[in-house]
Amino acid sequence: MFNLFGNIQQPLKSEEASKEMWYQTYTCKHCSAKFKNCSDLFEHVNTHHPLPNNQSQTGSGNVSKSVQKQNVRKTKDTAALDDVSNRHTIYPLVGEEKYDLLTFFTDVRDDIVKHLQARRQNLNHLKYYISIKVQMSRQKEDGVMETTEPHFCSKIDHILTAEDVHEEHHLNASFQKMFKSFDEFIRRGSSWTLKKIIHMDLSTGKYSPIGGKSFFPLPLSLSKTGAVLNIQNKEDKCFVYSILASINPHSINPQRVSHYVDHEKELDMRGIELPVTPQVYPNLKPRIR
C-alpha cells in the first residue's frame, strides 16, 4: 500500500522553501494520492481501495510474494491471573511486511479478529488495546547512526457481544491511533525513519460492565444530596424499579419498593435476563405499556 522509504520529503533547501514547515508525505500506491500523515492514508486506502478477502499487499502495491505466503507467522501468548489477562504477540513475516506498517496491519487483521473471538468466548466481556514496537533510525550530525525502539499504542476498546468483534471501525480506530502516534513521533524528532517492525502486542483482559443489580447503600456524600433515587430491594430488579419510579413518581419515601411492585406489569421483561445489561437498553422503550 505504501512504503515509508522514499516517501519522506527532505527539508527544502532554498531560501523561499526554508520558510515553509518541513513535512513528510505518504503516497497511495493505488492512485498516487499523497497524504501528510499515516492515519489519513490508512483511512483513504480502507475507503477507496479495500482489499478482497484473504488477500494482502506489499509496500510496493503488489500482491504479496508466494514465498511470503508460505512463511509461518510466529506468535506468542503470555497469560496471567488464570488467563484473565493475556498478551498475544504477533511477529512480522520476512519480506516487505516487516518494513511497511499498512501491509503489516492488513496482513495481521484476521489473526487479531480470531484471537478476539476466542478471548470473548472465554471471558464473555473483554477490553483490549493494541501496541506495536518498531525500530527507528536516523543519522546524527557527526555521521553516527542512532536507533531507538518506541511503542505506539491504541486506545482501550471494549467487546461486549460476538458482533462487536467484526465491527470494522473498532480495529480501524485502533490502527489509526497508532498511526497518529507514529506521525507525532517523527514530527517531534526530525529525520527519524522506520527501519523495521519488531512485533505487535494484542493485550486483552476481562471487562465487567456496570449493570443493574440489587440494592446497596449509597455513600453518604451522595445520599445527602437527594439527587439519586436508590430503591431498597433484595432482588436483581434495581433497574426495573428505577424505570417504574420514573413512570410512577412518589414524593414521600420514594426509595420504598412497595410503591412499585404493583406496577411491574407496566414493563414487559419477558426474555430479558436480570440483572439487565447495557445491550438491552435500546429495546426497553417499546416494552413500556
Side-chain angles (χ1 to χ4, degrees), residues 46 53-54 73-91 105-132 151-178 199-219 228 230-244 246 257 264 267-288:
N46 275 278
N53 291 334
N54 301 321
R73 185 180 300 284
K74 179 183 176 183
T75 61
K76 180 178 70 173
D77 284 274
T78 306
L81 303 175
D82 292 329
D83 206 29
V84 171
S85 177
N86 178 278
R87 184 173 68 243
H88 182 62
T89 303
I90 308 171
Y91 296 91
F105 286 172
T106 301
D107 289 350
V108 301
R109 179 186 289 269
D110 288 345
D111 192 335
I112 292 174
V113 171
K114 289 178 182 177
H115 188 74
L116 289 176
Q117 285 176 325
R119 294 292 291 159
R120 196 207 70 82
Q121 291 176 353
N122 291 338
L123 301 178
N124 194 18
H125 305 308
L126 64 91
K127 54 185 176 181
Y128 74 92
Y129 72 92
I130 305 172
S131 66
I132 187 165
H151 289 80
F152 304 111
C153 300
S154 72
K155 294 182 179 179
I156 296 176
D157 206 343
H158 305 87
I159 291 179
L160 302 178
T161 67
E163 291 74 20
D164 289 344
V165 179
H166 298 282
E167 288 289 341
E168 287 286 331
H169 72 271
H170 284 286
L171 285 184
N172 286 348
S174 296
F175 291 162
Q176 286 178 327
K177 172 60 174 65
M178 289 186 284
H199 62 72
M200 176 185 287
D201 287 330
L202 171 60
S203 299
T204 56
K206 185 172 179 60
Y207 174 58
S208 300
I210 298 175
K213 196 69 176 172
S214 188
F215 169 81
F216 62 88
L218 289 174
V228 180
N230 192 21
I231 300 173
Q232 300 173 357
N233 69 99
K234 296 181 179 180
E235 304 170 274
D236 286 341
K237 295 183 178 181
C238 221
F239 181 85
V240 174
Y241 293 137
S242 296
I243 296 294
L244 295 175
S246 67
V257 70
E264 285 193 47
L267 188 61
D268 182 8
M269 298 297 293
R270 288 176 298 179
I272 296 179
E273 185 178 353
L274 298 175
V276 177
T277 58
Q279 299 95 306
V280 178
Y281 297 168
N283 301 322
L284 285 177
K285 189 173 181 179
R287 291 170 173 260
I288 300 175

S.K.: Do the charged groups of Lys206 and Asp82 touch, with an N to O distance under 4.0 Å?
M.R.: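 Between Asp82 and Lys206 there is no salt bridge, as every charged N stays at least 4.0 Å from the carboxylate O atoms.
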
S.K.: Look at the side chain of Asp201 and the backbone N and O of Ser203, then say whether any donor-acceptor pair between them is shorter than 3.5 Å.
M.R.: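 Checked: no pair found.
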
S.K.: Starting from the C-alpha separation in whole Å, work towards a yes-or-no answer on side-chain contact (heavy atoms from CB on, under 4.5 Å) for Asp157 and Tyr129.
M.R.: CA-CA 6 Å; Asp157 206 343; Tyr129 72 92; over 6 Å; no

S.K.: Quiz question: by atom type and distance under 3.5 Å, do the side chains of Arg119 and Asn124 form a donor-acceptor pair?
M.R.: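 Result is no, nothing qualifies.
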
S.K.: Decide yes or no for Ile112 and Arg109: does some side-chain heavy atom of the first lie under 4.5 Å from some side-chain heavy atom of the second?
M.R.: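 No, every pair of side-chain atoms sits at 4.5 Å or beyond.
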
S.K.: Shortest non-hydrogen contact from Leu160 to Arg120?
M.R.: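 Residues Leu160 and Arg120, closest heavy atoms: O-NH1, 4.3 Å.
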
S.K.: Do the side chains of His88 and Tyr128 get nearer than 4.5 Å, heavy atoms only?
M.R.: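 Not touching, per the 4.5 Å side-chain cut-off.
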
S.K.: I need the minimum non-hydrogen distance between Leu126 and Tyr207, along with the two atoms involved.
M.R.: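 In terms of heavy atoms, the two residues are closest at C-CB, 3.6 Å.
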
S.K.: Do Ile159 and Thr204 come close enough that some side-chain heavy atom pair is under 4.5 Å?
M.R.: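 Side-chain contact under 4.5 Å: no.
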
S.K.: In Å and rounded to the nearest 0.5 Å, what is the OG to CG distance from Ser154 to Leu202?
M.R.: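 The OG atom of Ser154 sits 8.5 Å away from the CG atom of Leu202.
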
S.K.: If the condition is side chain to side chain contact (heavy atoms under 4.5 Å, CB included), which residues does His151 pass it with, not counting sequence neighbours?
M.R.: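 Side chain to side chain contact (heavy atoms under 4.5 Å, CB included) check on His151 returns Lys133.
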
S.K.: Restricting to non-hydrogen atoms, name the atom on Ile231 and the atom on Val257 that form the minimum distance, rounded to 0.1 Å.
M.R.: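 Heavy atoms only, the tightest pair is CG2-CA, 4.0 Å.
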
S.K.: State, with a plain yes or no, whether a side-chain heavy atom of Val113 is found less than 4.5 Å away from one of Asp111.
M.R.: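 Val113 vs Asp111: side chains apart.
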
S.K.: Are His170 and Leu116 close enough that some pair of their side-chain heavy atoms sits under 4.5 Å apart?
M.R.: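 A side-chain contact under 4.5 Å is absent here.
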
S.K.: Side-chain donor-acceptor pair under 3.5 Å between His158 and Asp164, yes or no?
M.R.: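 Judged by distance alone, the side chains do not pair up.
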
S.K.: Rounded to the nearest 0.5 Å, how far does NE2 of His169 lie from OG of Ser174?
M.R.: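 Rounded to the nearest 0.5 Å, the OG-NE2 separation comes to 9.5 Å.
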
S.K.: Any side-chain heavy atom of Ile90 within less than 4.5 Å of one from Arg73?
M.R.: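 Yes, side chains in contact.
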
S.K.: Under 3.5 Å, side chain of Ser85 to main-chain N/O of Leu81, donor-acceptor pair present?
M.R.: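 Looks like no, no N/O pair under 3.5 Å.
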
S.K.: From Phe152 CZ over to Met200 CE, what is the distance, rounded to the nearest 0.5 angstrom?
M.R.: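 Answer for the CZ-CE pair, Phe152 versus Met200, is 12.5 Å.
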
S.K.: For Tyr91, does the six-membered ring have the charged nitrogen or CZ of Lys74 within the cation-pi criterion, i.e. under 6.0 angstrom from the centroid and within 45° of the normal?
M.R.: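 Checked: cation-pi criterion met.
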
S.K.: Drop me the distance from Asp83's CG to Asn122's CG, to the nearest 0.5 angstrom.
M.R.: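 That separation rounds to 6.5 Å.
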
S.K.: So Asp77 and Asn86, do their side chains get closer than 4.5 Å, heavy atoms only?
M.R.: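 Side chain of Asn86 against side chain of Asp77, heavy atoms only: contact under 4.5 Å found.
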
S.K.: Quick one: pull up NE2 in His199 and OG1 in Thr89 and give me the separation to the nearest 0.5 Å.
M.R.: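 If I round to the nearest 0.5 Å, the distance is 6.0 Å.
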
S.K.: Please report the interatomic distance CD1(Ile132) to SG(Cys153), rounded to the nearest 0.5 Å.
M.R.: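 If I round to the nearest 0.5 Å, the distance is 10.5 Å.
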
S.K.: Apply side-chain contact (heavy atoms from CB on, under 4.5 Å) to the pair Leu244 and Glu264, showing each step before the final yes or no.
M.R.: CA-CA 7 Å; Leu244 295 175; Glu264 285 193 47; 4.0 Å; yes

